[in-house]
Amino acid sequence: MDINRLFNKDLMKIAPYEAVDSPETLSLSYGIEINNVIKLNANENPYGPSPKLSKALNDFRDYHIYPDPNQKIAREALSEYVGVSPNHILVGAGADELIDLILRCTVERGDSVMICSPTFGMYSFSTYINAGLLIDVPRNQNFDIDLESINRSITDRTKVIFLTSPNNPTGNMISLDSLTNILKNDILVVVDETYYEFSGKSAIGLVSDYPNLVVLRSLSKWAGLAGLRVGYSIMDPSIVNFLMKIKNPYNLNIAAQIALMTSLEDISYLQSNVNLIIEERERLHAVLLSSDGVVPYTSHGNFILCKFNDGIATVLYKELASRGIFVRYFDSLVLKDCLRISVGKPEHNDLLIGVIRDTLGN
Ligand SMILES: Cc1ncc(COP(=O)(O)O)c(C=O)c1O
């Protein structure tokens, strides 16, 4: 029997999302002892989650009971953290799940979704999965969005635009002026604030005035929960209700819920790590700025995009990997000479700086 005959032909054509390798895979592929892998390729938090989390997970007794499909206590706790009422909030298995849910509840075959490249890869991947057409309105040389082109390229089949602030991988923000301008269009405007805690600037204040605004957040980065999958979105209650209707009923699993609640009870500890990462981001940026052969872009996230002199990025990527330091290389024309470096602990950053300086001959 030809099993392929049964598969969805449109989905078969989609290229897989290029997710980063796990530490185990990196360790095996590069022959690096796993404890020596320095993972600076996925904007993870090097300090990990709240130290109170393992006890909280250990003390919980009811893992045999399904989680709450309405996410009541999680939404109430987030309501206090964010400052909006729980009926504006929906929690997901990471921001990734919410990106997919938003597209599932809006896109019909032939509808379009707008992105501004270079940007986070899940927007295009999830658009294709949901049978949407992708409209890319590339950013300018400084990686700012092209407001005029965006407004011009919106058609009556455009349902959603993804704006990312700070943007991954470029690290820059979108201004509230540009955002309010785009919000005048009759489309859903998703502002992805996955890196909000590293920038301190949010569009959440606009949600009550604009029912077409959706703000996405994540606990993967500031709270160190990438492995437990917790994200949330803030939006008009009518959108929350629709997403609630179509989502997997138990999408916020119990371990993720405990991790969320524990993080929100330990904000000052987690915020002190965010502050350390911001300090290191600024130190790393200054060191790279003073080095010949590399231009670091200003970042409001926990990573820095760096443009290297011709041909150096691939050499440096390999050199870093041979020493167990893994950064992100993008196989695209506009980011050809670039590497995105997640900000690590000071000792990781020192090792990284040493290899970069040696390779650049500084
Ligand atoms: C801009 C952006 N949005 C969303 C995500 C995914 O976040 P989560 O881990 O909550 O699914 C990432 C992850 O790197 C990201 O960079």
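Predicted, not measured: the structure shown is a model, and the values here were computed from it. Ligands are counted one by one from 1 in listed order, and the atoms in each one are counted from 1 as well.
L351 and L284 end up in the same hydrophobic cluster when Ile, Leu, Val, Met, Phe, Trp and Tyr side chains are linked at under 4.5 Å. When hydrophobic clusters are built by joining Ile, Leu, Val, Met, Phe, Trp and Tyr residues whose side-chain heavy atoms come closer than 4.5 Å, directly or via intermediates, I239 is grouped together with V107.
A salt bridge is defined here as a Lys NZ or Arg NE, NH1 or NH2 lying under 4.0 Å from an Asp or Glu carboxylate O, and E44 with K39 meets this definition. Here R283 does not pair with E279 in a salt bridge; the nearest charged N to carboxylate O distance is not below 4.0 Å.
Each of the atoms 8 (P), 9 (O), 11 (O) of ligand 1 lies under 4.0 Å from some heavy atom of R229. Close contacts of ligand 1 with S220, meaning ligand atoms under 4.0 Å from a residue heavy atom, involve 8 (P), 9 (O), 10 (O). The atoms of ligand 1 that sit less than 4.0 Å from any heavy atom of T164 are 1 (C). Residue-ligand proximity, D96 to ligand 1, at heavy-atom distances under 4.0 Å covers atoms 6 (C), 11 (O). Less than 4.0 angstrom separates some heavy atom of A95 from each of these atoms of ligand 1: 4 (C), 7 (O), 8 (P), 10 (O), 11 (O). Annotation for ligand 1: atoms under 4.0 Å from non-hydrogen atoms of K221 are 13 (C), 14 (O).
For the ligand labelled ligand 1, residue M122 lies outside the 4.0 Å heavy-atom shell.
Nearest heavy atom pair, residue L179 against residue A203, reads CD2-CB, 3.5 Å.
Contacts of D192 with ligand 1, taken as heavy-atom pairs under 4.0 Å, involve the side chain alone. Neither the backbone nor the side chain of E97 has a heavy atom within less than 4.0 Å of ligand 1.
Side-chain atoms of N241 come within 3.5 Å of backbone N or O of P237 as a donor-acceptor pair. Not a single donor-acceptor pair under 3.5 Å links the side chain of N130 to the backbone N or O of L103.
The nearest protein atom to atom 12 (C) of ligand 1, hydrogens excluded, is given as F120 CZ, 3.3 Å; this is a heavy-atom distance.
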